[in-house]
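Hydrogens, waters and symmetry mates are skipped; everything else that's a heavy atom, side chains included, is used. Chain A is the first sequence line, chain B the second, and so forth, proteins listed ahead of strands; every chain is numbered from 1. Fair warning: this is a prediction, and the values are worked out from it, not measured in the lab.
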There are 2 protein chains.
Amino acid sequence: MAHRWYGLRSLSVETAGAGGEAGTYAHDVLAVVLRITGAVPSVLLWQRAREPQAGRWSLPGGRLGPDEDVEASVRRHLAEKVDLAEVAHVEQLGVFSDPHRGPAPRRIATAFLGLVPTDADPAVPDDTAWHRVDRLPETAFDHGAITRDGLDRLRAKLSYTNIGFALAPAEFTVSELRDLYAAALGHRVSATNLQRVLTRRGVLVPTGEIAASGPAGGRPAAVFRYSERGLRVTDPFAALRPPGEPG
Amino acid sequence: MAHRWYGLRSLSVETAGAGGEAGTYAHDVLAVVLRITGAVPSVLLWQRAREPQAGRWSLPGGRLGPDEDVEASVRRHLAEKVDLAEVAHVEQLGVFSDPHRGPAPRRIATAFLGLVPTDADPAVPDDTAWHRVDRLPETAFDHGAITRDGLDRLRAKLSYTNIGFALAPAEFTVSELRDLYAAALGHRVSATNLQRVLTRRGVLVPTGEIAASGPAGGRPAAVFRYSERGLRVTDPFAALRPPGEPG
DNA sequence: GTGGTTTTCGCCTATTGGTCGAAAACGTGG
DNA sequence: CCACGTTTTCGACCAATAGGCGAAAACCAC
């Protein structure tokens, strides 16, 4: 029978060297913090000063503390690298647990995705910098793969949620938002379509203001904002919805 | 500065009682294994024989071993409760890490969703049984909430992926599939629409065979199967896709 | 064969998304 | 001050998807 261990205080009392008691593991939290810079997303990385992997770049994070859950922990560790108030959205990506994802002793990591609006440019410590995701430096451990997972998650959610609120400034024109989406998605985006889709879904609302016209002339653009500042799934998204309900 | 600990072999050498070395935690894997039984989904649970929470019902799972990642681990533990060959799909749900989700010493859990087709009726140990999700017994720890998370994930994915392949038999009629979807989603489903949507997406293909007609007469139904036995996202699902590409 | 039952298929409509081009509203330079 | 380029906005049109409904098809039982 299995599960005998459950509820036992200590199955094994041998001390497994410096790695902690057998069957327990250090648990880390990591954050893929993304921000649109110019025409591409960038990720927040810090450079390791010492072994292992000295000189390589790591995702922000740290060890899970005894009195916090993983989300509280990642927020605590993030606060050491950026102003938490600038991180507009945080969600869990998943667990990375390959026994050989780093040197012994083994570490388990729960990864998160964090998003920072373009108009925020938080100060960062000396060892920390934004790196374009299309030109990542040498990353430590599996942090490159985790970064790609985070970017994939962002791209997927841009199309069926209002997650753009966490990348955009509080107010913006449709053109600015188009550039933002194009940078995040990695392909051109139609401003016409973007505006229609997002307003029809109710995620974008006009403020009524008109932006000062750009440097090269042209018709001044209307100012919009996201109707909600928390994550919401907005796609109809459900073929086979309950009969009689609107799409 | 943070992250000093990273790379240090042992930050603290004090032994934190029976809970393992300070800063390390036992890591469990848990599985929400669902199967459509009759008109509602059921979840595989086993009844705890001893404290803590003796008599309550738990999700299958167990402790993460030193040489396996969480997915390998959950498969290994599941094999003690059901024939793994009957579990058609496994995916990660997320981490549950509330410091008070169970009695001390603290345990972290990575939860998975597992799906078993209706035509499989795997033998289970004496302490283990299927329970309708609308009539859950008293569950241990946070396993009730985790079960709900698993069910939510299944319902969401039914509408925009081919995940039904993991619930349905290898071959089936549209009516059987409609009943399956209705049970999983908890509301009526139109057979007309189900067939049209799933075939247009290419997830359902007719085998060419005709099922023996049912007990009450009626036109014999065509037999279908899923075109693919692995998970694939099938919804167009991307407003704002690259220009010039088909929807 | 007649009636009841179940499945299947063809129309019709509504909604969503994509493309295109015209009109609106600005600045600039002659 | 007026023609021109530029950018934004809006409407028209088209394609694809999804839902609803009812007729036709194919079976069983009597």
### Query
D/dA18 P sits how many Å from B/Tyr160 OH, rounded?
15 Å
### Task
May I have the distance from B/Arg201 (atom CZ) to D/dT17 (atom P), rounded to whole angstrom?
10 Å
### Task
Taking only Lys NZ, Arg NE, NH1 and NH2, and the carboxylate oxygens of Asp or Glu, determine whether B/Lys81 and B/Asp127 approach each other closer than 4.0 Å.
yes
## Note on the structure
Heavy atoms of A/Ile146 and A/Leu93 approach each other most closely as O-CD1, 4.4 Å
### Query
Are B/Arg75 and B/Glu68 within salt-bridge range, i.e. N to O under 4.0 Å?
no
### Task
Mind calculating the distance between CZ (B/Arg200) and P (C/dG10) to the nearest angstrom?
13 Å
### Message
I want to check one thing: is the phosphate of C/dG17, taken as OP1 and OP2, less than 4.0 Å away from some side-chain N or O of A/Asn193?
### Response
no
## Note on the structure
When rounded to whole Å, the CD1 to P distance for the pair B/Ile210 and D/dC28 reads 13 Å
### Message
In this structure, how many angstroms lie between the C1' atom of D/dA18 and the CG atom of B/Leu158, rounded?
### Response
17 Å
#### Entry: Atom-to-atom span, CG of B/Asp235 to C1' of D/dA16 - whole angstrom
13 Å
### Query
Should the ring pair A/Phe172 and A/Tyr226 be called parallel, tilted or perpendicular, given that the plane angle runs from 0 to 90° and is split at 30 and 60?
tilted
### Message
Treating primed atoms plus P, OP1 and OP2 as sugar-phosphate and everything else as base, which nucleotides of nucleotides 2-12 of chain D get B, S or - for protein heavy atoms under 4.0 Å?
### Response
---BBBBSBBB
### Query
Does B/Arg56 pair with B/Glu138 as a salt bridge, N-O distance under 4.0 Å?
yes
### Query
Does the pair B/Arg35/B/Glu86 count as a salt bridge with the N-to-O cut at 4.0 Å?
no
